[in-house]
Amino acid sequence: MERADQVIMNTYGRQPLVLVKGEGCRVWDDAGQEYLDFVAGLAVCNLGNAHPDVAAAAAAQLTQLVHVSNIYYTTPMVELAEDLVRLSFADRVFFANSGAEVNEGALKLARRYSRERYGEGRYKIISAENSFHGRTFGALSATGQAKFWQGFEPMLPGFAFVPFNDLDALTKAVDDTVCAIMLEPVQGEGGVNLPSPDYFQGVRQLCNDKGLLLILDEIQAGLGRTGKLFAHEHFGITPDIMTLAKGLANGLPMGALLATDQVAAAFVPGTHASTFGAGPVVAAAAKAALGHLSRPEFLAAVRTKGDYLHKGLLELKSQAPVIKEVRGLGLMWGLELAQEGAGLVTACRERGLLINCTQGNVIRMLPPLVVLPHELDHALAVLQDAFKAVFP
Ligand SMILES: *Cc1c(COP(=O)(O)O)cnc(C)c1O
């Protein structure tokens, strides 16, 4: 840790842990201490750490073909794209390496589509306050949290923000400079904020009426996290553009930008590219991961376990008045506290449970989707003990 502080740029408030091994829902530190991991790489290791099928797919590909330029065809990317198209609203996929990167692609695609279809002047993207779309300039400009802009201004022109889950505010913000609306189906980093059940139907209707593209950032909430393969399936709507990353290759870096044929047609050779995008190793890993994540029985189990965790968290709330609200869907949960949450994160870590705190006072839990019922029980028992210790 001291060596890291000498040579690594100081961009993270890291927990004082050196992790050396992971398996399923557990990770181990360099002293051999075991932890139940309810961070899961921040919704990345949805199948648990070091999943054998993902590892085998990547390993086989590593000794077969590691990388070639995207000026050639390779098989893993085609097979993965076919799976994503079959499993979603989309007709076409563009691959990159991270969430921010595919959100950049989404912003570029939306603007270019709108330019071709409607001419100049329609470039603005409306997104939500408290949203999170990534750290590159485009994605950051679409992120509705000024604290992340500090020192980097000016942000890109052509972005506007409205409160999440407020259809009136969104409707009022639309004028003839707007080309797209970009939203997370459930806000993750912003504090696990859920929309009301009919919000996205209203957003979809607004987009249809005004000829706007709906971009859904499913980077955190997608890929089974909420108990459906894609979170928008809860709302009975489909977007025009969707972005995926985090859990896509279960720990290897990969992002995907998905769109309908009509919208995707705005990208032609030369308009967008990624050197590493859809590399054979990550594509093979993602195909193996998606095979598990998309199984209906797997997704049903996520919903069942999510309901179980919800019940346990409500019980916890009844004993710990510091908990103001329990919010979540599937296996994506937040506990909003009346006080700072950092002390609770430490207390849980000292008791062998890794959790995360966002927005200063929202305890966020993103267990691997393969979590077992007895592991949920264990986590709830640790939480109960930690709450007693920190908020007596
Ligand atoms: C994590 C996240 C991103 C950014 O992904 P990176 O891979 O870190 O660039 C974008 N949107 C959402 C909703 C996220 O949770």
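What's counted below: heavy atoms across the whole structure, side chains too, no hydrogens, waters or symmetry copies. As the structure lists them, so they are numbered: ligands from 1, and atoms in each ligand from 1.
- Taking a heavy-atom cut-off of under 4.0 Å, ligand 1 is surrounded by S98, G99, A100, N103, F132, H133, G134, E184, D217, I219, Q220, K246.
- Criterion: ILVMFWY side-chain heavy atoms under 4.5 Å apart, direct or through other members. Under it, L252 and L19 are not part of a common hydrophobic cluster.
- Relative to the ring axis of F148, R135 places its NZ or CZ within 45° and under 6.0 Å from the centre.
- Between the side chains of Q319 and Q384, a donor-acceptor pair is found at a separation under 3.5 Å.
- Few gaps surround CD on Q33; more than 12 heavy atoms of other groups in view lie less than 6.0 Å from it.
- Of the N and O atoms on the side chains of N250 and H51, not one donor lies less than 3.5 Å from an acceptor on the other residue.
- Checked against a 6.0 Å centroid threshold, the rings of W149 and F159 do not count as neighbours.
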